[in-house]
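Some notes on the structure that comes next.
Sequential numbering from 1 along the given sequence is applied to the chain's residues. Computed from a predicted model, the values in this text were never measured in an experiment. Note: hydrogens, waters and symmetry copies are ignored here, and every other heavy atom, side chains too, is used.
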Amino acid sequence: MASDGARKQFWKRSNSKVPGSIQHVYGAQHPPFDPLLHGTLLKSAPKLPSTPLKAKRGSTFQEFESNTSDAWDAGEDDDELLAMAAESLNSEVVMETAHRVLRNHSQRQEQHRLQEAMLPEERPQPWAQAPPVPGGDPWLVKSVSESHTPRPTEELRKLSWSGIPKPVRPITWKLLSGYLPANVDRRPATLQRKQKEYFAFVEQYYDSRNDEVHQDTYRQIHIDIPRMSPEALTLQPKVTEIFERILFIWAIRHPASGYVQGINDLVTPFFVVFICEHIDGEDVDTVDVSHVPADVLRDIEADTYWCMSRLLDGIQDNYTFAQPGIQMKVRMLEELVSRIDEPVHRHLEQHEVKYLQFAFRWMNNLLMRELPLRCAVRLWDTYQSEPEGFSHFHLYVCAAFLVRWRKEILEERDFQELLLFLQSLPTATWGDEDVSLLLAEAYRLKFAFADAPNHYKK
């Protein structure tokens with residue numbers, strides 16, 4: 001038996017001999033060790049001093065074992081995590097899941113037994129096609145239930161481009177905005193979770209609206225809401241409170257931009273569409289929420305907040321400092337109009353009308369001040385169906401909107417009259433047909449210009 005001194009000398013040897021150290025293997029499956037490619041391995045291996053320090057005594061095997069951590073050992077933290085996971089398991093959920101698995105297995109076994117009892121000619125052939133699904137293809141119906149592919153959303157966007165029927169508009173907007181999942185089974189839990197999350201924000205932040213750091217933001221929101229349209233909606237006290245909470249919470253949670261005038265107009269379409277689901281036979285311009293239950297209003301408030309947040313995530317550079325997104329879009333609009341209708345562009349230049357003087361509001365409010373609310377809702381059907389509809393496609397809509405008034409613009413010969421006309425265009429009698437024509441022209445411009453920027457160049 002070796003003495004203690006010999007054991008100590010063994011553990012004082014080079015660490016290259018210690019069990020578990022990296023040893024390079026050479027052969028057909030392992031190319032030769034290249035120090036240039038594996039420099040990190042060389043650097044990571046600590047060098048032992050050539051002469052051992054006298055002050056450092058040799059370590060024993062027990063000390064070596066206690067100082068060596070095995071990657072497969074579960075530490076105290078892992079034990080705590082496992083214990084927490086075990087505590088968080090609900091026995092009822094576990095039993096319900098187990099019973100469901102057993103039922104599914106029993107059903108499959110029963111189906112298999114029935115197929116075995118059939119005659120060979122009666123058994124379903126594996127290559128037989130599924131019966132046609134009325135109103136669509138079977139692959140689409142299957143993918144809707146699985147929601148693993150973007151195919152259903154793409155089909156929904158195509159169907160929604162030309163307008164969404166009023167009864168299904170609320171759920172369609174929630175799906176197109178990405179607020180609701182395509183999987184039907186996940187929707188109730190998602191809605192409940194997001195609504196709970198929103199009111200947690202309200203409880204956490206809304207009481208700070210009168211603090212010195214936030215009172216200016218809240219005051220501006222409080223001033224802007226009565227100026228919104230339609231007045232029949234925004235002057236209702238319940239609606240005012242809801243809009244104030246939505247805008248204030250969004251401003252607090254987005255400090256890069258905060259609240260900017262114009263964001264308030266983007267709340268109205270979502271709120272009106274969602275509230276009309278619970279009000280029969282009323283026009284969007286004359287919605288009365290006094291008879292809507294309080295719990296329904298709470299759900300609508302949370303849904304409106306999240307859908308508006310989704311929209312603003314794509315155009316937030318419109319509302320950051322100096323609003324660079326709007327500045328860029330106005331310049332792009334000017335360039336586009338100069339190519340598609342040079343006489344209109346030259347006429348505006350001759351009378352010193354700057355695009356920023358009338359198109360800034362078009363970009364800032366997404367034409368909410370230029371169109372009746374019913375037309376804005378129809379416009380947003382297509383915006384949500386288009387990729388980057390609120391940012392990229394909106395540019396072509398604004399160009400088509402300006403050229404739509406070509407005759408009236410060229411007839412105006414005075415700067416003041418021309419600017420007043422562009423700031424208050426006569427769209428009060430517009431309907432869905434007018435919006436559809438506008439969108440068709442915008443799509444034509446996008447198709448001709450977006451993928452070929454040099455097409456209209458001189």
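Judged purely by atom type and a 3.5 angstrom limit, R157 has no side-chain atom pairing as donor or acceptor with the backbone of P387. Between the side chain of N183 and the backbone N or O of D185, at least one donor-acceptor pair lies under 3.5 Å. For the pair Q423 (side chain) and Q357 (backbone), a donor-acceptor distance under 3.5 Å is present.
Residue pairs meeting the salt bridge (charged side-chain N to carboxylate O under 4.0 Å, His left out) criterion with at least one member in residues 313-328, sequence neighbours excluded, do not occur. For residues 352-371, the pairs satisfying salt bridge (charged side-chain N to carboxylate O under 4.0 Å, His left out) are D265-R369, R361-E370, with sequence neighbours left out. Sorted by first then second residue, the salt bridge (charged side-chain N to carboxylate O under 4.0 Å, His left out) pairs that include residues 298-309, not counting sequence neighbours, are K174-D303, R245-E301. Identified under the salt bridge (charged side-chain N to carboxylate O under 4.0 Å, His left out) test for residues 417-437, with sequence neighbours left out: none.
The aromatic ring centres of F270 and W173 sit less than 6.0 Å apart. In this structure, the ring of F271 has its center no less than 6.0 angstrom from the ring center of F274. Aromatic ring centres of H392 and Y396: separated by under 6.0 Å.
A donor atom on one side chain and an acceptor atom on the other are not found under 3.5 Å apart for W161 and D381. In this structure, a donor-acceptor pair under 3.5 Å is absent between the side chains of Q220 and D216. No side-chain donor from either of Y259 and H214 sits under 3.5 Å from a side-chain acceptor of the other.
Note: W250 and H254 have parallel aromatic rings, judged against thresholds of 30 and 60 degrees for the angle between ring planes. In this pair, F248 and Y218 present their aromatic rings perpendicular. The plane angle is above 60°, beyond the 30 to 60° band.
The local environment of CD in Q192 is sparse, with at most 12 non-hydrogen atoms from other residues, nucleotides or ligands closer than 6.0 Å.
Between T268 and S229, the shortest heavy-atom contact is CG2-O, 3.9 Å. The two atoms that bring W306 and K194 nearest to each other are NE1-O, 2.9 Å, heavy atoms only. In terms of heavy-atom proximity, L333 sits nearest to A359 at CD2-CB, 3.6 Å.
Listed by chain and number, the residues in a side-chain hydrogen bond (donor to acceptor under 3.5 Å, both in side chains) with N364 are Q323 (sequence neighbours excluded). By the side-chain hydrogen bond (donor to acceptor under 3.5 Å, both in side chains) test, E441 is found to be paired with R444, residues two or more places apart in sequence or in another chain being considered. Contacts of F390 classified as ring-ring contact (aromatic ring centres under 6.0 Å, His included), with partners at least two apart in sequence or in another chain: W380, Y383. Residues that satisfy the side-chain contact (heavy atoms from CB on, under 4.5 Å) test with P426, not counting sequence neighbours, are W405, F421. When the side-chain contact (heavy atoms from CB on, under 4.5 Å) test is applied to L159, no partner is found at least two apart in sequence or on another chain. Every residue was checked against the side-chain hydrogen bond (donor to acceptor under 3.5 Å, both in side chains) condition with K158, not counting sequence neighbours, and none meets it. Legend: residues meeting side-chain contact (heavy atoms from CB on, under 4.5 Å) with D211, ordered by chain and number and at least two apart, are S208, V213. Among residues two or more places apart in sequence or in another chain, the side-chain contact (heavy atoms from CB on, under 4.5 Å) test is passed with H351 by H347, V353, R413, L418.
Distance check: L395 CG to E388 CD gives 11.5 Å after rounding to the nearest 0.5 Å. In this structure, CZ in R227 is found 13.0 Å from CG in L235, a value given to the nearest 0.5 Å. Here the CG atom belonging to L445 is positioned 11.5 Å from the SG atom belonging to C398, to the nearest 0.5 angstrom. Separation of atoms OG (S309) and OH (Y198) is listed at 9.5 Å; rounding is to 0.5 Å.
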Run the numbers on R169 and E277 for salt bridge (charged side-chain N to carboxylate O under 4.0 Å, His left out), then give the verdict. CA-CA 9 Å; R169 182 174 278 144; E277 187 178 12; over 6 Å; no
Test side-chain hydrogen bond (donor to acceptor under 3.5 Å, both in side chains) on E244 and H222 and set out the steps. CA-CA 7 Å; E244 286 180 353; H222 189 72; 2.5 Å; yes
Under the criterion side-chain contact (heavy atoms from CB on, under 4.5 Å), I'd like the reasoning laid out for Y443 against T382: C-alpha separation, chi angles, the key distance, then a yes or no. CA-CA 10 Å; Y443 184 80; T382 302; over 6 Å; no
Dump the intermediate steps for side-chain contact (heavy atoms from CB on, under 4.5 Å) on L425 and R404, then the final yes or no. CA-CA 11 Å; L425 294 166; R404 163 67 177 77; over 6 Å; no
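A salt bridge links K407 with E411; the closest basic N to acidic carboxylate O contact falls under 4.0 Å.
Looking at V267 and Y305, their side chains never come closer than 4.5 Å, going by heavy atoms from C-beta outward. Using a 4.5 Å cut-off on side-chain heavy atoms (C-beta onward), Q384 and S160 make no contact. The shortest side-chain heavy-atom distance between T234 and P226 does not fall under the 4.5 Å cut-off. Counting only heavy atoms from C-beta outward, the side chains of L311 and L366 approach each other to under 4.5 Å.
Under the 6.0 Å distance and 45° angle rule, R253 counts as a cation-pi partner of F201.
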